[in-house]
Amino acid sequence: MSEITEKKRIFSGVQPSGKLTLGNYLGAIRNFETLQDAYECLYCVVDLHAITVRQNPAELRRQTLEVLAQYLACGLDPQKSTLFIQSHVPAHAELAWILNCYTMFGELSRMTQFKDKSAKHADNVNAGLFDYPVLMASDILLYQTDLVPVGSDQLQHIELTRNVAQRFNGVYSDTFTMPEPYIAKTGARIMSLQDPMRKMSKSDENANSFILLMDKPEDIMRKFKRAITDSEGTIRRGEGKEGISNLIAIYGLATGRTAEEVEAEFAGQGYAAFKPAVGEAVVELLRPIREKTEDLLKNKDYLEQVYTEGAQRASYMARKTLDKVYRKVGFIKR
Ligand code: ATP
Ligand code: LTN
């Protein structure tokens, strides 16, 4: 008997809620690229998620295209992976409604991202912000996803997705594949350069806390030179050295070295030598991505072709799951 091995499926998404950071790249997008040969991958720009926080419409449009261009600039290949925009495949919103009816209010109340974001946007704690994880579960379950590459802040949402899938499968028999998170060993949580106890976030008010993929080399150098460290002055990881530990992780990822190798390389040297070295490594890491993104953004026709074809492929896969779900819950076939 000939053996047909189908590739396992991957889904992940990034919100066009601002400009992408080094954290987004090292925690997520870099892994998207390395996984695309071994898996059948769908990578989405999740614009429906982005409007849970108020967005300027013109900027949202621009940022959506920019995230797509950055997917391509980071090496995602539309011949290998399906790249698309979430709002172009209505099945995401349709499945989200159904799954709302299989998700408990109490479960959603426990989500730390909801608690953080509702504290931060106290004047706009809308139902979408609360429901955000159900839409994310729909993104994942719609494609019978096996693996979800994300930064560690998203683990709780994937756990919730698994609970919802299990509940639905329990009521109606096997419908959804049970997804697993894929979290890289290093880079899963890049910290803020100004407060190394918090994750680097594109929506931080302090622009010195994050490195953007589109930052100019002089800005990258300046931000690393100003990065908060400690008064001890040695290049090693440890308790109370979260700032330096973060810089060691970043330098290691940018140059392909382990943390031990970085510590050995800079043994006996101080922060005045290390910080510019991290800056230079990141400048070189990001230079080709920035230049490629700039080129791609000049070619809107190409971007349109990529997202149009992506949405067609994704819609076809999504429809299969949605039809099955509609049948199982008892809706009449149209
Ligand atoms: P926001 O700041 O608007 O909440 P975000 O950057 O946290 O946005 P997304 O754009 O949706 O959120 O994140 C895309 C991916 O990047 C997710 O997989 C997320 O886990 C990952 N990610 C985000 N920040 C970091 C970080 N500091 N370190 C590692 N991975 C991260
Ligand atoms: N919530 C994610 C973005 C996201 C996502 C997804 C990630 C939306 N849908 C599906 C993986 C799979 C975040 O990073 N904030």
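Values below: all heavy atoms of this structure, side chains included; hydrogens, waters and symmetry mates excluded. As the structure lists them, so they are numbered: ligands from 1, and atoms in each ligand from 1.
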What's the shortest distance from [atom] to any protein heavy atom, and which residue and atom give it?
atom                    : answer
atom 28 (N) of ligand 1 : I190 N, 2.8 Å
atom 7 (O) of ligand 1  : K199 NZ, 2.4 Å
atom 3 (C) of ligand 2  : G13 O, 3.6 Å
atom 9 (N) of ligand 2  : D139 OD2, 2.6 Å
atom 22 (N) of ligand 1 : N24 ND2, 3.7 Å
atom 30 (N) of ligand 1 : G23 O, 3.2 Å
atom 4 (O) of ligand 1  : K117 NZ, 2.7 Å
atom 19 (C) of ligand 1 : D153 OD1, 3.5 Å
atom 10 (C) of ligand 2 : F11 CE2, 3.5 Å
atom 1 (P) of ligand 1  : S203 OG, 3.6 Å
atom 9 (P) of ligand 1  : K202 NZ, 3.6 Å

Contact check: [X] vs ligand 1, nitrogen or oxygen atoms, below 3.5 angstrom:
X    : value
G151 : yes
Q154 : no
S152 : no
M200 : yes

Is K292 salt-bridged to D295, cutoff N-O under 4.0 Å?
no
Does this structure show an ion pair linking E59 with K19, if we count only N-O contacts that are shorter than 4.0 Å?
no
Does the ring centre of Y143 sit less than 6.0 Å away from the ring centre of H92?
yes
Quick one: which ligand 1 atoms are inside 4.0 Å of a heavy atom on V150?
18 (O)
If I take atom CD1 from residue I228 and atom CG from residue N246, how far apart are they, to the nearest 0.5 angstrom?
12.0 Å
How long is the span from the CZ atom in R9 to the OH atom in Y39, to the nearest 0.5 Å?
14.0 Å
Tell me which part of [X] gets within contact of ligand 2: side chain, backbone, both or neither, using heavy atoms under 4.0 Å.
X    : result
D153 : neither
L135 : neither
V150 : side chain

Any chance the side chains of [X] and [Y] put a donor and an acceptor closer than 3.5 Å?
X    : Y    : value
D139 : Q86  : yes
S192 : Q194 : no
K202 : S17  : yes

Under-4.0 Å heavy-atom contact with ligand 1, by part of [X] that carries it:
X    : value
R189 : backbone
H49  : neither
A188 : backbone

Taking distance alone, with no angle check, do Q154 and ligand 2 share an N/O pair under 3.5 Å?
yes
State whether the shortest distance between N or O atoms of Y132 and N or O atoms of ligand 2 falls below 3.5 angstrom.
yes
Assess whether side chain to side chain contact (heavy atoms under 4.5 Å, CB included) is satisfied between I158 and M136, documenting all intermediate values.
CA-CA 8 Å; I158 297 180; M136 177 161 164; 4.2 Å; yes
Just by modelled atom types, is the L142 backbone N or O under 3.5 Å from a matching donor or acceptor in the T321 side chain?
yes
Side chain proximity check, F274 to I248, heavy atoms < 4.5 angstrom
yes
Within the structure, is a non-hydrogen atom of S12 found at a distance of less than 4.0 Å from ligand 1?
no
Can you check which of S192, S17, A249, A28 brings a heavy atom nearest to atom 15 (C) of ligand 1?
A28
Walk me through whether F114 and Y132 qualify under side chain to side chain contact (heavy atoms under 4.5 Å, CB included).
CA-CA 8 Å; F114 172 68; Y132 178 113; over 6 Å; no
Side chain to side chain contact (heavy atoms under 4.5 Å, CB included) between V306 and Y71, worked out
CA-CA 11 Å; V306 169; Y71 273 173; over 6 Å; no
Worked check of side chain to side chain contact (heavy atoms under 4.5 Å, CB included) between Y25 and R30:
CA-CA 5 Å; Y25 178 66; R30 186 178 56 109; 4.0 Å; yes
